[in-house]
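To start, the structure under review is shown below, and the notes come after it.
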Amino acid sequence: MSEEKKSLNFIEQIIEDDLANGAKVENLRFRFPPEPNGYLHIGHTKAIGISFGLGEKYNAPVNLRFDDTNPAKEEQEYVDAIKKDVTWLGYEWENECYSSDYFQQLYDWAIQLIKDGKAYVDSQSSEEMAKQKGTPTTTGVAGPYRDRSVDENIDLFTKMKNGEFEEGSHVLRAKIDMSSPNMLLRDPLMYRILKKSHHRTGNDWVIYPMYDWTHGESDYIEQISHSLCSLEFKPHRDLYNWFRDNVYTYSKENYPLPPKQREFSRLNLSYTIMSKRKLLKLVEEGVVSGWDDPRMPTISGLRRRGYTPAAIRNFIETVGVSKRENIIDVALLEFKIREDLNKNANRVMGVLDPVKLVITNYPENKEEILIAENNPELEDSGSREVPFSGELYIEREDFREEANKKYFRLKLGKEVRLKNGYIIKGESCIKDEEGNITEIHCTYDPLSKSGSGTEESKRKVKGTLHWVSIKHAVEAEVRVYDRLFSDEAPDSHKDKDYMEFLNPDSLKTIKAFVEPSLRKAKIGERFQFQRLGYFNVDDDTNLEKLVFNKIVGLRDTWAKKSK
RNA sequence: AGACCUGUGAUGUAAUGGUUAGCAUACAAGAUUUUGAUUCUUGUUGUAUAGGUUCGAAUCCUGUCAGGUUUACCA
């Protein structure tokens, strides 16, 4: 591998600088810390790619840590789904960690902070506290409980822990600075009472630590060197450091390396949304069939749609890392899956919108076996047999009675080639009362068979059509997807709800006919339906029913021009 | 608007004070093609803005403008 002077992104630069300033490469350690309250989406892949990518680059461990401090929203189902998705993407974590495993340590440190006069129990309502907090432009004021004695604080906090108080009656707050320009430093909450069962700790705890108190200290316990998160946590950094520096004075023998937080901009993709809450609503309201609906931007949705881990990882790689807001064109993601599948997916023929084609001079009842290359882009991918006969299906839009020279497909009096087969000439067509074409008649040139080596077989005709032999065709259900939203940034409008932009035609279910070799196709297998696009075999496939998802269409300059 | 962050073609990103600002996607033209695909060639569009520092500025400084974040017992 030629490591051409590949430029470093700003995070890699920070790490290189740290290394140059004495940090040891063997102390590098990263983490990916999802909250198990929903399914991972393409946006998370960026965070995953950054931390696990750094792990691969520096041969450093990367933990998968579940940030499970809010039992009201978190479930084991999500933990399992997240593990499956990260694994599917091809990453291996060093340790599977849970913030809930640190609840006791966090509690012990909280006691020390109280003893040092750096935390206190507040017994007001959240409204009262919010009022005292001030606003970004006005400073806050101290509440009436801010100067409780250490003994009283210890007593109250112990009782909170022991379940002697109701939810909402008391909280533990860090005592920092009510006039800080950073609102997060105006005595942030560390603990609240929550009498809910936790998916891992059950009913052991009735007080739960808040994100800010938990996250940095979890990094610290795991000795994460660089805690990388998205930009909206930038203001939390001061608080991250405040907690870290205090705890460090208590535990530097056990945990010698203080971690540091750095922030990057999150990924946004055009024509979709990236908020777990909003995605959950699509699931709950039945707009989609589930978290893994192929139209969803979730990892599980992309997987079911037929995306490959390689394509997604390449996409993330190409997108890069910076600190500016961005909306990445979904066309880039589509390019990446085409790039992968063009190289790796076998070619087959299927007709999505069939019309009958009869070859009038083809001997009655004759059948032939034609040879078709599996993948001209991949050496040694071999070939397969495709049955041919005098009655075929072709795509309805591949025939016109008459058309101008720009139309390369079948028309009356003109020739095209049937892929892997013969050159045919349009002769006539039959229509029903409404004028719809029901049958096309053509003649073929028996000497023009593909690969036969004859003069005739080498003739150049402009168009080539895909087809299936009616007698041998296999019926299949094909699900054709369009973008879920019609707007480029559906949740960026202040005056309109993202639900207003739902595309009513995002799913079309079609009855199609495919070549018989696909009878043996396995769930998850991907193919290029020639001239149409890439498709995979959906999970709903069973012995009676073959179901395909359209992953993405081929690039189609003709469709663009003919508009 | 207090504080903080960010502004490079249509989109994303690179250039770490030093040649005509690079790459990918997108778009366009041509060649090749038994997929109007692929592949190949070529082309179009950019340093938000005004000053300053410097021999030299996308890069450093200041102002302006624009966008974002920040006032949850969520993470």
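Each chain gets a letter, A, B and so on, in the order the sequences are listed, and its residues count up from 1.
- In this structure, Y211(A) forms no aromatic stack with the base of rA75(B), since the conditions of centre separation below 5.5 Å and plane angle below 30° are not both met.
- Under a 4.0 Å N-O distance rule, the pair R384(A)/E515(A) qualifies as a salt bridge.
- At a threshold of 4.0 angstrom between heavy atoms, the contacts of D556(A) are confined to the sugar-phosphate backbone, with no base atom among them.
- Side-chain N/O atoms of R555(A) and base N/O atoms of rU38(B) include no donor-acceptor pair closer than 3.5 Å.
- If you take CG of L280(A) and P of rC74(B), they are 17 Å apart, rounded to a whole angstrom.
- Residue-to-nucleotide contacts include a donor-acceptor pair under 3.5 Å from the side chain of H236(A) to the base of rA75(B).
- With rU34(B), rG12(B), rU16(B) as the candidates, the nucleotide lying closest to the side chain of Q13(A) is rU16(B).
- The phosphate of rG36(B) (OP1 or OP2) has no side-chain N or O of T557(A) nearer than 4.0 angstrom.
- If you check every strand for non-hydrogen atoms under 4.0 Å, K133(A) touches nothing.
- Judged by Watson-Crick or G-U wobble contacts below 3.5 Å, the nucleotide rU69(B) has rA3(B) as its partner.
- Nucleic acid contact for V171(A): base, since at least one base atom lies under 4.0 Å from a heavy atom of the residue.
- The separation of rU49(B) from rA75(B), taken at their P atoms, amounts to 43 Å, rounded to a whole angstrom.
- Side-chain proximity of K494(A) to the nucleotides rU6(B), rG68(B), rU35(B) is greatest for rG68(B).
- In this structure, N182(A) reaches neither bases nor backbone, as no heavy-atom distance under 4.0 Å exists between it and the strands shown.
- Between the P atom of rC74(B) and the NE2 atom of H198(A) lies a distance of 13 Å, rounded to the nearest Å.
- Inspection of the R31(A) and S227(A) side chains reveals an N or O donor paired with an N or O acceptor under 3.5 Å.
- The nucleotide whose nearest atom lies closest to any side-chain atom of S322(A) is, among rU35(B), rU13(B), rG68(B), rU13(B).
- Taking a pair to require two hydrogen-bonding distances under 3.5 Å in either a Watson-Crick or a G-U wobble arrangement, rA48(B) pairs with rU64(B).
- Among all heavy-atom pairs drawn from D212(A) and F243(A), the shortest one is O-CD1, 3.5 Å.
- Base engagement by Q528(A) is indicated by at least one non-hydrogen atom pair under 4.0 Å involving a base atom.
- In this structure, CD1 of I327(A) is placed 12 Å from C1' of rG12(B), rounded to the nearest angstrom.
- Nucleic acid contact class of Y191(A) (heavy atoms, under 4.0 Å, all strands): none.
- Two residues, V461(A) and D329(A), neighbour RNA chain B, and the one matched to the more 5' nucleotide by heavy-atom proximity is D329(A).
- Rounded to whole Å, atom P of rA37(B) lies 9 Å from atom NZ of K560(A).
- Comparing atom distances between the K460(A) side chain and each of rU33(B), rA75(B), rU35(B) picks out rU33(B) as nearest.
- Counting any heavy atom pair closer than 4.0 Å across all strands shown, E488(A) reaches no nucleic acid atom.
- Relative to the side chain of L554(A), the nucleotides rG36(B), rC74(B), rU35(B) differ in distance, and rU35(B) lies closest.
- Side-chain atoms of E128(A) and S125(A) form a donor-acceptor pair, as typed in the model, at a separation below 3.5 Å.
- Side-chain proximity of P235(A) to the nucleotides rG12(B), rU70(B), rG36(B) is greatest for rU70(B).
- Using atom C1' as the reference point in both rG7(B) and rG46(B), the two lie 13 Å apart (nearest Å).
- Under the 3.5 Å distance criterion, with hydrogens and angles disregarded, no donor-acceptor pair is assigned to the side chains of Q530(A) and Q528(A).
- Counting any heavy atom pair closer than 4.0 Å across all strands shown, S180(A) reaches no nucleic acid atom.
- Using a 4.0 Å heavy-atom cutoff across all strands shown, L465(A) reaches no nucleic acid atom at all.
- Side-chain N/O atoms of N420(A) and S450(A) include no donor and acceptor closer than 3.5 Å.
- Residue-level contact check: R347(A) touches the bases, meaning some heavy atom is under 4.0 Å from a base atom.
- Within the nucleic acid shown, L231(A) has no heavy atom closer than 4.0 Å to any nucleic acid atom.
- Distance from the side chain of K323(A) is smallest to rC5(B) among rU71(B), rC5(B), rA14(B).
- Side-chain proximity of P136(A) to the nucleotides rA14(B), rU70(B), rA75(B) is greatest for rU70(B).
- In this structure, the CD1 atom of I316(A) is 17 Å from the P atom of rU25(B), given to the nearest Å.
- Contact between the side-chain N/O atoms of T318(A) and the OP1/OP2 oxygens of rU13(B) is not found at any separation under 4.0 Å.
- A salt bridge is absent between E35(A) and K276(A): the closest approach of a Lys/Arg side-chain nitrogen to an acidic carboxylate oxygen does not fall below 4.0 angstrom.
- Residue contacts shown for Y534(A) are absent, as no nucleic acid heavy atom lies under 4.0 Å away.
- An OP1 or OP2 oxygen of rA3(B) is reached within less than 4.0 angstrom by no side-chain nitrogen or oxygen of K234(A).
- Closest contact between the side chain of F335(A) and the listed nucleotides rA26(B), rC4(B), rU16(B) involves rA26(B).
- Rounded to a whole Å, the CD1 atom of I328(A) is 17 Å from the P atom of rA10(B).
- A salt bridge is absent between E74(A) and R200(A): the closest approach of a Lys/Arg side-chain nitrogen to an acidic carboxylate oxygen does not fall below 4.0 angstrom.
- At a threshold of 4.0 angstrom between heavy atoms, the contacts of R186(A) with the nucleic acid are absent.
- Side chain to side chain, E334(A) and Y534(A) fail the donor-acceptor criterion of an N or O pair below 3.5 Å.
- When each of S457(A) and E232(A) is assigned the nucleotide of RNA chain B bearing its nearest heavy atom, the one mapping closer to the 5' terminus is S457(A).
- For rU39(B), the paired nucleotide is rA31(B), the pair qualifying as Watson-Crick or G-U wobble because both relevant distances are below 3.5 Å.
- Contact annotation for G533(A): no contact, since no heavy-atom pair falls under 4.0 Å across all strands.
- Close placement of the H215(A) and Y211(A) rings is indicated, their centers lying within 6.0 Å of each other.
- Under the Watson-Crick or G-U wobble criterion, with both distances below 3.5 Å, rG56(B) has no partner in any strand shown.
- Within the 4.0 Å cut-off from OP1 or OP2 of rC74(B), at least one side-chain nitrogen or oxygen of R192(A) is found.
- In this entry the distance linking NZ of K336(A) with P of rG12(B) reads 16 Å, nearest Å.
- Side-chain nitrogen and oxygen atoms of R324(A) include at least one within less than 4.0 Å of the OP1 or OP2 phosphate oxygen of rU8(B).
- Here the side chain of N70(A) is nearest to one of rC74(B), rU35(B), rC73(B), namely rC74(B).
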